[in-house]
Amino acid sequence: MLTKKDIANTLGLSCVEKYFLAWLKKYFDVSQLYGCSFVSLSQVFDDFARGATYQNYCYLPRLQDTAEEYGIVTHRYKTFSSANAIEFIRGIPDGELCFIRVNSAFFTDYKRAAWREDHYISIDSKLEWVNEYPLSTGAFDSQSFARVFDGAICIYSINNTKVELPDLVTKAFATQNFSQYDIPRSLDQLESAIGVLRVTRKRLEKFFASNDKVRMFLSEENVLLDKIYFNSRLHQLKDKSKMVDAHEDIIENIKMVVDIEKRIAEVLSK
């Protein structure tokens, strides 16, 4: 069974991706997957300046899809009534990952609800569950399961952990276009853009762990991205202005991030 700590320590962008990474790392070095997971600064900024949303950001491949594409895992997606679902879940072998889609009744006792309408929680054969947002655990009986189950189950199985994945990030990073990009004008758009960048650059810090110079630059960049993220949230809570250009500290930190990525690109292009 996954734990809250397992989930909290993952570098996923969605609930499903976080469950998947927490499970897969027990069998496979997930940092290899990070080499197939890259999006440039300019694309992220441009996407969110034009209305992309964090919860539905679709321009970065989901790592569970990448793992299946390369044969590391397989998955099954099934629909059931609640009674049949319980019987099916109780028969799932240890070592497989199972999560179910839940409806809005699941959030009745929480002050917060999931960002997306199609929310999933991880569950085991004992009907013990862990939820990524809000981070929590519990156990169902048949009645409580029926109340929140939304008809769908997904199961992942290990297929081949000997796969060697390609490095799709080094060239893409080194050939980024830094000459033109549109920083999102509103603080909430910027917060979402930085939210995506924080996850991807922390992944890259893991992927380039053996390259001391690149890892050092990425560590420095991730400190800045964390700072921008939390400052953008703080400004939204405290200030009347919701526009990025009203806050010089954020603009300066973004310029520093761009400069660091230019230095990383230079190192990777050699």
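Quick note: numbers below take in every heavy atom, side chains included, and nothing from hydrogens, waters or symmetry partners. All residue numbers refer to positions in the sequence shown, counting from 1.
The salt bridge (charged side-chain N to carboxylate O under 4.0 Å, His left out) search around Lys255 returns Glu252, not counting sequence neighbours. Listed by chain and number, the residues in a side-chain hydrogen bond (donor to acceptor under 3.5 Å, both in side chains) with Ser37 are Arg203 (sequence neighbours excluded). Judged as a side chain to side chain contact (heavy atoms under 4.5 Å, CB included), and not counting sequence neighbours, the contacts of Thr53 are Gln55, Asn56. Asp188 pairs by the side-chain hydrogen bond (donor to acceptor under 3.5 Å, both in side chains) definition with Ser186, not counting sequence neighbours. With sequence neighbours excluded, no residue forms a side chain to side chain contact (heavy atoms under 4.5 Å, CB included) with Met216. Checked against ring pair (Phe, Tyr, Trp, His ring centres under 6.0 Å), Phe48 has the following partners two or more places apart in sequence or in another chain: Tyr57. Looking at residues two or more places apart in sequence or on another chain, you find a salt bridge (charged side-chain N to carboxylate O under 4.0 Å, His left out) between Asp150 and Arg101. Qualifying side-chain hydrogen bond (donor to acceptor under 3.5 Å, both in side chains) partners for Asp245, counting only residues two or more places apart in sequence or in other chains: none.
From Lys26, atom NZ reaches atom OG1 of Thr161 across 15.5 Å, with rounding to the nearest 0.5 Å. The structure places CG of Asn253 at 7.0 Å from CG of Asn231, a figure rounded to the nearest 0.5 Å. Taken to the nearest 0.5 Å, the CG atom of Asn160 stands 8.5 Å off from the CZ atom of Phe28. Here the straight-line distance linking atom CG of Leu197 with atom CG of Leu224 works out to 12.0 Å at 0.5 Å rounding. Residue Phe208 holds its CZ atom at 7.5 Å from CG of Leu218, rounded to the nearest 0.5 Å. With rounding to the nearest 0.5 Å, the separation of CZ in Arg62 from CZ in Phe20 is 13.0 Å.
Considering only heavy atoms from C-beta on, Phe45 comes within 4.5 Å of Ile194 through its side chain. Proximity of Ile183 to Leu190: side-chain heavy atoms (C-beta onward) are separated by under 4.5 Å at one or more points. With contacts defined as side-chain heavy-atom distances shorter than 4.5 Å, the pair Leu187/His247 qualifies. You'll find the side chain of Val257 reaches within 4.5 Å of the side chain of Glu221, heavy atoms only. Side-chain contact between Glu68 and Tyr156 is present, with heavy atoms from C-beta onward closer than 4.5 Å. Residues Gln64 and His75 form no side-chain contact, since every pair of their non-hydrogen atoms from C-beta on lies 4.5 Å or further apart. Between Val30 and Leu11, every side-chain heavy-atom pair lies at or beyond the 4.5 Å cut-off. Looking at heavy atoms from C-beta onward, Leu41 lies out of side-chain contact with Tyr181 at the 4.5 angstrom threshold.
Heavy-atom contacts from other residues, nucleotides or ligands closer than 6.0 Å to CZ of Phe178 number more than 12. Within 6.0 Å of NZ on Lys227 lie no more than 12 heavy atoms contributed by other residues, nucleotides or ligands. Annotation for Lys206: atom NZ does not count as buried by contact number, only 12 or fewer foreign heavy atoms lying within 6.0 Å.
Contact record, His119 with Cys15: ND1-SG, 3.9 Å, taken as the closest heavy-atom pair. The minimum heavy-atom distance linking Ala193 with Pro184 is given by the pair CB-CG, 4.3 Å. When every heavy atom of Thr66 is checked against every heavy atom of Cys36, the shortest pair comes out as CG2-CB, 3.8 Å. Listed here is the closest heavy atom pair of Ala67 and Leu24: CB-CD2, 4.5 Å. The two residues Ala22 and Ile7 have their closest heavy-atom pair at CB-CD1, 4.0 Å. Nearest heavy-atom pair across Tyr229 and Ser232 is O-OG, 2.7 Å.
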Would Leu2 and Leu97 count as a side-chain contact (heavy atoms from CB on, under 4.5 Å) here? Give the steps. CA-CA 9 Å; Leu2 299 180; Leu97 172 67; 4.0 Å; yes
Derivation and outcome, side-chain contact (heavy atoms from CB on, under 4.5 Å), residues Ile121 and Val130: CA-CA 6 Å; Ile121 63 173; Val130 58; over 6 Å; no
Do Ile72 and Leu165 pass the side-chain contact (heavy atoms from CB on, under 4.5 Å) test, and can you show the C-alpha distance, the side-chain angles, and the key distance before you say yes or no? CA-CA 10 Å; Ile72 301 167; Leu165 296 176; 4.0 Å; yes
Residue pair Ser219, Asn222: steps toward the side-chain hydrogen bond (donor to acceptor under 3.5 Å, both in side chains) verdict: CA-CA 5 Å; Ser219 177; Asn222 284 324; over 6 Å; no
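Sorted by first then second residue, the side chain to side chain donor-acceptor pair (under 3.5 Å) pairs that include residues 121-130, not counting sequence neighbours, number zero. Screening residues 250-270 for ring pair (Phe, Tyr, Trp, His ring centres under 6.0 Å) gives no qualifying pairs among residues at least two apart or on separate chains.
Under the 3.5 Å distance criterion, the side-chain polar atoms of Tyr19 are matched with a main-chain donor or acceptor of Glu132. Within the 3.5 Å criterion, the main-chain N or O of Asp65 finds no donor-acceptor partner in the side chain of Glu69. Counting only distance, with no hydrogens or angles, the side chain of Glu17 and the backbone of Leu63 share a donor-acceptor pair below 3.5 Å. No donor-acceptor pair closer than 3.5 Å links the side chain of Asn131 to the backbone N or O of Ser136. Checking side-chain atoms of Thr175 against main-chain N and O of Lys171 turns up a donor-acceptor pair under 3.5 Å. A side-chain donor-acceptor contact under 3.5 Å links Lys242 to the backbone of Gln236. Listed for the Asp46 side chain is a donor-acceptor partner under 3.5 Å among the backbone atoms of Asp182. The closest donor-acceptor contact from the side chain of Arg215 to the backbone of Ala209 lies under 3.5 Å.
Both Tyr59 and Leu33 belong to a single network of hydrophobic side chains, linked directly or stepwise wherever heavy atoms of I, L, V, M, F, W or Y lie under 4.5 Å apart. Connection of Leu234 to Phe230 is not established within any shared hydrophobic cluster, with ILVMFWY side chains joined at heavy-atom distances below 4.5 Å, either directly or through further cluster members.
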Run the side-chain donor-acceptor check on residues 82-96: report pairs under 3.5 Å with partners two or more places apart or on a different chain.
from, atom 1, to, atom 2, distance (Å)
Asn84, ND2, Ser81, OG, 3.3
Glu96, OE2, Ser157, OG, 2.9

Check: residues 260-270 side-chain donor-acceptor pairs under 3.5 Å, at least two apart:
from, atom 1, to, atom 2, distance (Å)
Glu261, OE1, Gln176, NE2, 2.9
Glu261, OE1, Arg201, NH2, 3.2
Glu261, OE2, Arg201, NE, 2.7
Glu261, OE2, Arg201, NH2, 3.2
Ser269, OG, Ala265, O, 3.2
Ser269, OG, Glu266, O, 2.9

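Between Phe99 and Tyr120, the ring planes lie perpendicular to each other; the angle is over 60°, past the 30° to 60° tilted range.
A centroid separation of 6.0 Å or more is found between the aromatic rings of Tyr34 and Phe207.
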